[in-house]
Peer 1: 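One structure is given below, represented as structure tokens, and several questions about it will come after.
Remember, it's a predicted structure, so these values are computed and weren't measured experimentally.
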Number of protein chains: 2
Amino acid sequence: MSTWNVEYLKPTLLQPVPSDIAISRAQPPKDIEKVAAEIGIHPDELDLYGRKKAKVSLDILDRLTEVRNGKYVVVAGITPTPLGEGKSTTTIGLVQALGAHLHKNVFACVRQPSQGPTFGIKGGAAGGGYSQVIPMEEFNLHLTGDIHAITAANNLLAAAIDARMFHESTQATEALFNRLAPKNKQGKGVRPLSEIQLRRLDRLGIPRVTDAEHLSEEQRVSFARLNIDPATITWNRVMDTNDRFLRKIEIGLGPNEKGHTRTTQFDITVASELMAILALTTSLADMQKRIARIVIGSDKTGNPVTADDIGVTDALTVLMRDTVRPNLMQTLEGTPVFVHAGPFANIAHGQSSILADKVALKLVGQDGFVITEAGFGADIGMEKFFNIKCRYSGLQPSAVVLVATVRALKMHGGGPAVVAGAPLKHEYLDENIPLVEGGCDSNLRKQIDNANKFGIPVVVCVNKFATDTDKELELVCSKAKSYGAFDAVVSEHWSQGGAGAVALAKSLVKATEGPAKEFKFLYDLELSLEEKIATIAKEIYGADGIELSAEAKEKLERYTRQGFSKLPICMAKTHLSLSSDPTKKGAPTGFTLPIRDVRASVGAGFIYPLVGEMTTMPGLNTRPCFYDITIDPVTEIIDGLF
Amino acid sequence: MSTWNVEYLKPTLLQPVPSDIAISRAQPPKDIEKVAAEIGIHPDELDLYGRKKAKVSLDILDRLTEVRNGKYVVVAGITPTPLGEGKSTTTIGLVQALGAHLHKNVFACVRQPSQGPTFGIKGGAAGGGYSQVIPMEEFNLHLTGDIHAITAANNLLAAAIDARMFHESTQATEALFNRLAPKNKQGKGVRPLSEIQLRRLDRLGIPRVTDAEHLSEEQRVSFARLNIDPATITWNRVMDTNDRFLRKIEIGLGPNEKGHTRTTQFDITVASELMAILALTTSLADMQKRIARIVIGSDKTGNPVTADDIGVTDALTVLMRDTVRPNLMQTLEGTPVFVHAGPFANIAHGQSSILADKVALKLVGQDGFVITEAGFGADIGMEKFFNIKCRYSGLQPSAVVLVATVRALKMHGGGPAVVAGAPLKHEYLDENIPLVEGGCDSNLRKQIDNANKFGIPVVVCVNKFATDTDKELELVCSKAKSYGAFDAVVSEHWSQGGAGAVALAKSLVKATEGPAKEFKFLYDLELSLEEKIATIAKEIYGADGIELSAEAKEKLERYTRQGFSKLPICMAKTHLSLSSDPTKKGAPTGFTLPIRDVRASVGAGFIYPLVGEMTTMPGLNTRPCFYDITIDPVTEIIDGLF
């Protein structure tokens with residue numbers, strides 16, 4: 001039984017299920033101060049942001065250091081249709097079941113959504129139906145400002161890079177050096193360097209000086225000239241807006257920039273390496289170190305240039321200071337949720353933060369549960385959860401919940417293409433056992449196999465839709481168990497809330513009982529970058545091997561030479577197929593995975609091979625959902641968010 | 001005596017005066033919840049953002065509707081040197097004196113600083129010395145996210161403009177119309193338009209329809225095609241970062257944008273019209289209306305295209321919903337401060353928000369004081385405060401505090417140029433009566449005259465520097481009084497805090513006693529735009545008249561034709577001279593004011609003539625102050641912010 005004293009909320013379940021925002025609005029949330037008190041957070045560990053959101057202090061980790069962690073469960077999915085199969089909804093429904101119905105201490109840890117798509121084609125997201133984070137407006141808009149802080153920090157570094165190149169190219173070395181190391185106004189001509197400048201001396205192998213005047217001519221040149229090769233710059237500007245016209249831009253066209261133009265791009269903020277850093281960091285001190293290590297490009301002799309060389313490490317850390325504290329909200333049934341970090345699931349690892357998970361694992365205690373979600377299909381999300389996130393956190397996962405739908409399985413079994421916006425074909429609306437079976441025997445089987453490679457029990461959750469027949473659902477469950485799932489359960493949390501996920505919750509509890517399973521990584525970090533990439537491609541995707549483009553080969557050599565070969569791999573691959581071809585469903589075999597290019601997020605701590613083109617800036621369609629968004633300026637009621 | 005129950009803080013005054021951040025850190029602030037309670041804000045009117053900042057509900061205006069407003073005082077300055085003469089410091093010192101020393105109910109209302117310059121050349125700002133808003137880090141970094149919300153809203157509109165032009169140019173009218181007015185999935189083929197689309201029909205003079213199918217071919221064309229003339233677009237993207245390489249950029253270079261490139265620019269966020277709207281709005285409903293009215297450019301037939309035409313009015317209002325509530329902080333001596341809005345002082349009106357002033361005037365009550373600051377010199381800041389801000393608020397000002405320094409007066413009296421970063425010439429360090437006298441007889445005299453034109457008493461505050469001599473200070477005071485100031489007082493709040501401004505505070509109290517003075521605007525809104533501009537130039541700047549460029553003339557005609565001629569004028573002129581030439585000090589005469597161009601902020605509600613070039617995006621120098629900013633990741637102590 002729960003050691004907490006949570007007042008569960010009891011939303012009134014209606015049929016047909018109303019819109020997400022109508023459900024959210026119909027259930028008044030508790031004040032977040034009350035939620036925090038219920039789960040043992042002390043008042044001095046809580047910073048309120050309005051009444052329904054709060055930041056939680058990392059001091060909890062010290063206070064509860066002797067408490068044993070709760071069970072740590074990741075929700076992943078089979079390869080989805082473009083419509084999504086309900087991982088977030090399952091995550092929330094499952095914690096509602098474990099908390100409000102089985103009375104366990106339980107936390108959901110989820111990603112903060114990007115604000116851009118909320119006003120584009122997607123609308124808001126906070127779970128769905130009777131399994132949601134509330135209030136949904138707060139969840140979708142600004143939250144406590146973490147994404148905005150990342151935008152500010154990311155763009156300060158970007159502005160500093162271009163300004164530095166400009167000043168280097170328009171000033172003689174002496175003038176540049178004199179400006180970088182000015183005379184101290186108080187100190188009668190002494191020219192002290194700041195700590196971040198001294199660290200640059202360290203990296204250059206020049207002994208620290210108390211007066212820059214003592215540097216030799218040659219030392220002054222190495223100190224003052226970063227000599228960034230513009231062609232190698234990988235640090236882009238970001239914005240949390242869907243702005244397709246910023247995908248490729250030319251900057252520096254103003255007369256004062258004297259012709260120093262450059263072609264670059266904006267990404268959406270959640271694609272910033274700083275977001276991946278926030279998600280993977282384990283403390284403010286660790287974040288500061290990761291920021292210092294960010295590689296923004298190379299100099300003209302091929303050495304990495306870092307954020308520390310640009311001089312912004314602490315300025316960026318200052319801007320991001322508050323982001324390290326997880327954001328507390330609640331589910332529709334009043335159980336606690338951390339909403340913290342939301343990196344891309346292709347060019348980054350697509351997971352909410354390590355810090356939120358760590359704090360939650362202490363708060364729930366050893367008999368409690370922390371349920372977190374891995375972005376994209378399990379071949380990407382779960383693999384990165386284990387090989388990147390668990391590696392950096394040192395946390396031991398207890399189970400995988402693998403979400404499947406009859407709809408997606410039919411697609412994998414050979415059903416017609418599922419297209420967002422277009423009506424579903426009849427195969428998806430009527431019973432069709434052969435298609436379901438085909439999907440089970442291919443994609444579901446492979447995803448279960450993959451999970452089992454990490455040594456962790458898999459509970460398959462069949463997320464039930466109204467059109468699914470009992471026969472179809474039963475088939476999925478029996479197939480899943482025959483392929484090595486610990487259990488497989490039909491779940492109706494979308495229409496029933498936590499009550500609809502009780503069977504799933506019970507099965508999960510069973511799967512995590514007894515001694516901890518032996519968790520193992522898929523690959524050793526000591527392998528070469530190419531070997532690590534090939535291991536993922538073969539073991540997880542079912543490829544015969546990989547094929548490196550010339551560019552990819554060159555990059556692997558460069559990163560190895562620069563000392564980054566011990567980093568884990570973060571594959572940037574489509575989530576719509578186990579292969580690199582989104583049209584290939586099921587469990588493709590007999591293919592070679594093409595690696596088009598390779599990039600490095602050295603600060604976050606991974607190398608990311610690009611399998612095909614990745615769009616890092618969404619657009620706005622002809623009729624974006626902002627046409628339907630309304631706000632009553634008196635009641636402040638927002639409509640149309642989804 | 002104060003009807004509040006404020007616990008005043010008593011910072012320990014040190015000599016020499018330590019750095020601003022050292023002073024700020026040495027004085028622990030009260031919890032903001034306590035400050036709010038002390039001044040009669042109810043718990044349900046307060047939304048905390050951490051422990052030292054809170055947003056305050058506008059419901060206070062309803063609750064206290066019967067309370068008579070306090071005295072409303074604006075702090076302005078003579079034409080400053082490039083170093084600034086201490087208006088913000090005076091504002092804070094004055095409220096500390098009125099509150100902690102004279103025990104009046106008193107509020108300071110100040111602008112939120114832009115974050116960009118904090119990491120550039122300027123460092124943070126929160127007053128200075130022993131007259132500051134604390135904690136200064138919170139004041140300078142993110143605050144409660146208002147500027148970030150403006151960035152998000154501004155850029156959603158910008159992205160929507162380019163996306164709309166793209167979709168119009170790549171789609172036949174039928175396809176475009178079908179996408180803008182899709183069939184309702186539930187409604188069996190009915191094509192309902194959303195409210196914002198119906199408002200477009202209203203503006204086009206087309207009767208509203210329940211089914212877009214009923215629109216004629218011709219109506220479909222007018223409805224679907226905004227036909228924006230790209231050359232007329234005045235809506236730029238914004239970023240709260242000093243990024244000079246974004247001053248002029250080419251966008252849309254990506255292959256998917258199919259050659260629809262456009263040259264545009266980024267401004268710093270505080271230059272966004274949305275910031276001016278936030279500063280001038282009187283409620284969320286009013287803000288929504290102002291956003292709807294924003295003119296982003298003209299169509300190809302010369303009609304204005306608005307944010308409402310683009311479809312984003314409510315989406316922008318949703319993003320800015322929380323920004324209308326003023327942000328509560330405190331001074332170094334524990335008196336309340338609202339930090340709310342911070343528009344540019346040239347292309348906008350440079351004032352903190354009307355809403356903060358209104359709430360503060362009710363909270364202090366009829367015997368209390370609200371002190372607010374006008375950006376730039378009084379010829380710009382005070383003139384806009386009266387003619388724009390007070391016009392929109394309907395509030396009656398009680399007095400002007402005009403800040404002068406011996407340094408600036410010497411410059412106006414013929415002293416050598418004062419250059420930021422360069423050591424001051426000896427004229428500024430040694431006694432020099434003739435220079436001081438020259439400055440009094442020119443600039444100080446003119447600025448006092450200007451204030452008196454509005455019918456409001458002027459108290460001159462001589463902000464004392466260590467190098468000023470008694471003879472110099474006495475001269476300024478006697479001169480000021482001889483030119484029609486109600487009083488003139490030397491003030492030492494920078495080194496002494498509120499205790500140093502007690503004489504100033506007492507004099508101000510006296511100036512506001514007795515019946516209210518007869519406040520009058522400088523010009524009537526019914527005058528033509530050209531007449532209004534000429535009135536300001538002649539009456540306030542001392543010009544003989546104005547000279548309109550061909551472009552300016554064309555714009556005045558366009559805006560008049562478009563129906564915007566009743567708007568007040570917001571001059572975009574240098575603050576370093578009463579004239580348009582920043583090198584002309586004193587009180588220049590015999591000049592004609594050149595109007596280079598004219599722009600409109602129709603949503604904010606003013607026309608802004610451009611006198612010379614205005615930079616709306618600052619840059620980073622060779623050694624920006626981020627080199628000196630540090631944070632201890634364990635204690636979270638920030639250093640180097642100023």
Peer 1: Heavy-atom cut-off 4.5 Å, strictly under: side chain, backbone, both or neither for V634(A) against chain B?
Peer 2: neither
Peer 1: Using heavy-atom distances under 4.5 Å, tell me whether N242(B) contacts chain A through its side chain, its backbone, both, or neither.
Peer 2: backbone
Peer 1: Which atoms of R262(B) come close to chain A, meaning under 4.5 Å heavy atom to heavy atom: side chain ones, backbone ones, both, or neither?
Peer 2: neither
Peer 1: Under a 4.5 Å cutoff for heavy-atom pairs, which residue among M239(A), Q171(A), Q265(A) has the most contacts with chain B?
Peer 2: M239(A)
Peer 1: At a heavy-atom distance under 4.5 Å, which candidate from V324(B), I629(B), I251(B) has the highest pair count against chain A?
Peer 2: I251(B)
Peer 1: Do we see a donor-acceptor contact under 3.5 Å between the side chains of N178(A) and R191(A)?
Peer 2: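 Judged by distance alone, the side chains do pair up.
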Peer 1: Relative to chain A, which segment of I638(B) carries a heavy atom at a distance below 4.5 Å: side chain, backbone, both, or neither?
Peer 2: side chain
Peer 1: Without hydrogens or angle criteria, can the side chains of E250(A) and T261(A) be said to hold a donor-acceptor pair below 3.5 Å?
Peer 2: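 Result is yes, a qualifying pair exists.
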Peer 1: Mind ranking L284(A), T263(A), L46(A) by heavy-atom pairs under 4.5 Å with chain B and telling me who comes out on top?
Peer 2: L284(A)
Peer 1: Using heavy-atom distances under 4.5 Å, tell me whether A160(B) contacts chain A through its side chain, its backbone, both, or neither.
Peer 2: both
Peer 1: Give the member of T622(B), D47(B), L180(B) that has the highest number of heavy-atom pairs under 4.5 Å with chain A.
Peer 2: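 When all of T622(B), D47(B), L180(B) are compared, T622(B) has the most.
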Peer 1: At a 4.5 Å cut-off on heavy atoms, which part of R325(B) comes close to chain A: side chain, backbone, both, or neither?
Peer 2: side chain
Peer 1: Quick one: do the N327(B) and T144(B) side chains pair a donor with an acceptor below 3.5 Å?
Peer 2: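 Yes.
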Peer 1: Against chain A, work out which of L253(B), T264(B), N621(B), T317(B) has the most heavy-atom pairs shorter than 4.5 Å and name it.
Peer 2: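 Of L253(B), T264(B), N621(B), T317(B), L253(B) has the most heavy-atom pairs under 4.5 Å with chain A.
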Peer 1: Indicate whether the side chain of N155(B) and that of T241(A) have a donor and an acceptor atom separated by less than 3.5 Å.
Peer 2: no
Peer 1: Just checking, is any N or O donor in the side chain of D314(B) or Q288(B) under 3.5 Å from an acceptor N or O on the other one?
Peer 2: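 A pair is found: one side chain offers a donor N or O, the other an acceptor, under 3.5 Å apart.
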Peer 1: Under a 4.5 Å heavy-atom cut-off, does chain A meet the side chain of V318(B), its backbone, both or neither?
Peer 2: both
Peer 1: Measuring heavy-atom distances to chain A, does R164(B) have an atom under 4.5 Å in its side chain, in its backbone, in both, or in neither?
Peer 2: side chain
Peer 1: Under the criterion salt bridge (Lys or Arg N to Asp or Glu O under 4.0 Å), which of R321(A), K53(A), K55(A) is the partner of D146(A)?
Peer 2: K55(A)
Peer 1: At a heavy-atom separation under 4.5 Å, does I196(B) approach chain A through its side chain, its backbone, both, or neither?
Peer 2: side chain
Peer 1: Are H142(A) and H148(B) an aromatic pair, judged by ring center distance below 6.0 Å?
Peer 2: no
Peer 1: If you count heavy-atom pairs within less than 4.5 Å of chain B, which of G254(A), G252(A), S283(A) leads?
Peer 2: G252(A)
Peer 1: With only heavy atoms counted, which part of R179(A) is less than 4.5 Å from chain B, the side chain, the backbone, both or neither?
Peer 2: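 R179(A) touches chain B through backbone and side-chain heavy atoms alike.
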Peer 1: So for D162(B), is it side chain, backbone, both, or neither that comes closer than 4.5 Å to the heavy atoms of chain A?
Peer 2: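 Both parts, backbone and side chain.
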Peer 1: If I measure from the heavy atoms of chain A, does H167(B) come under 4.5 Å with its side chain, its backbone, both, or neither?
Peer 2: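 For H167(B), side-chain heavy atoms alone lie under 4.5 Å from chain A.
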Peer 1: With side chains defined as the heavy atoms from C-beta onward, is the minimum distance between R244(A) and E257(B) less than 4.5 Å?
Peer 2: yes
Peer 1: Give the member of A159(B), G145(B), A163(B) that has the highest number of heavy-atom pairs under 4.5 Å with chain A.
Peer 2: A159(B)
Peer 1: If you take the centroid of each ring, where Trp contributes its six-membered ring, are F119(B) and F626(B) closer together than 6.0 Å?
Peer 2: no
Peer 1: Nearest 0.5 Å, what's the NZ-CD distance between K52(A) and E33(A)?
Peer 2: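 It comes to 10.5 Å.
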Peer 1: For L226(B) versus E168(B), what's the shortest heavy-atom pair and its separation?
Peer 2: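 Of all heavy-atom pairs spanning L226(B) and E168(B), the closest is N-OE2, 2.8 Å.
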Peer 1: For L620(B), is it the side chain, the backbone, both, or neither that has a heavy atom closer than 4.5 Å to a heavy atom of chain A?
Peer 2: both
Peer 1: Out of Y49(B), Y627(B), F166(B), return the one with the most heavy atom pairs under 4.5 angstrom to chain A.
Peer 2: Y627(B)
Peer 1: Is it the case that atom CD in E174(A) sees more than 12 heavy atoms from other parts of the structure closer than 6.0 Å?
Peer 2: no
Peer 1: Counting heavy-atom pairs under 4.5 Å with chain B, which one of D286(A), L319(A), T630(A), L193(A) comes out on top?
Peer 2: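 Heavy-atom pairs under 4.5 Å are most numerous for L319(A).
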Peer 1: Compare all side-chain heavy atoms of F266(B) with those of N236(B) and state whether any distance is below 4.5 angstrom.
Peer 2: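 A side-chain contact is absent here, since even the closest heavy-atom pair is not under 4.5 Å.
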Peer 1: To the nearest 0.5 Å, tell me how far N256(B) CG sits from M617(A) CE.
Peer 2: 13.5 Å
Peer 1: Given that the side chain runs from C-beta out, which part of E195(B) has a heavy atom under 4.5 Å from chain A: side chain, backbone, both or neither?
Peer 2: neither
Peer 1: Check whether any side-chain heavy atom of F245(A) lies under 4.5 Å from a side-chain heavy atom of R237(B), and answer yes or no.
Peer 2: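 The answer is yes, as the side chains (C-beta and beyond) meet within the 4.5 Å cut-off.
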Peer 1: Quick one: of L156(A), L58(A), D240(A), who has the most non-hydrogen atom pairs under 4.5 Å with chain B?
Peer 2: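 Of the options given, most contacts go to L156(A).
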Peer 1: Given heavy-atom pairs under 4.5 angstrom as the criterion, report whether the side chain, backbone, both or neither of R51(B) touches chain A.
Peer 2: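 Both parts, backbone and side chain.
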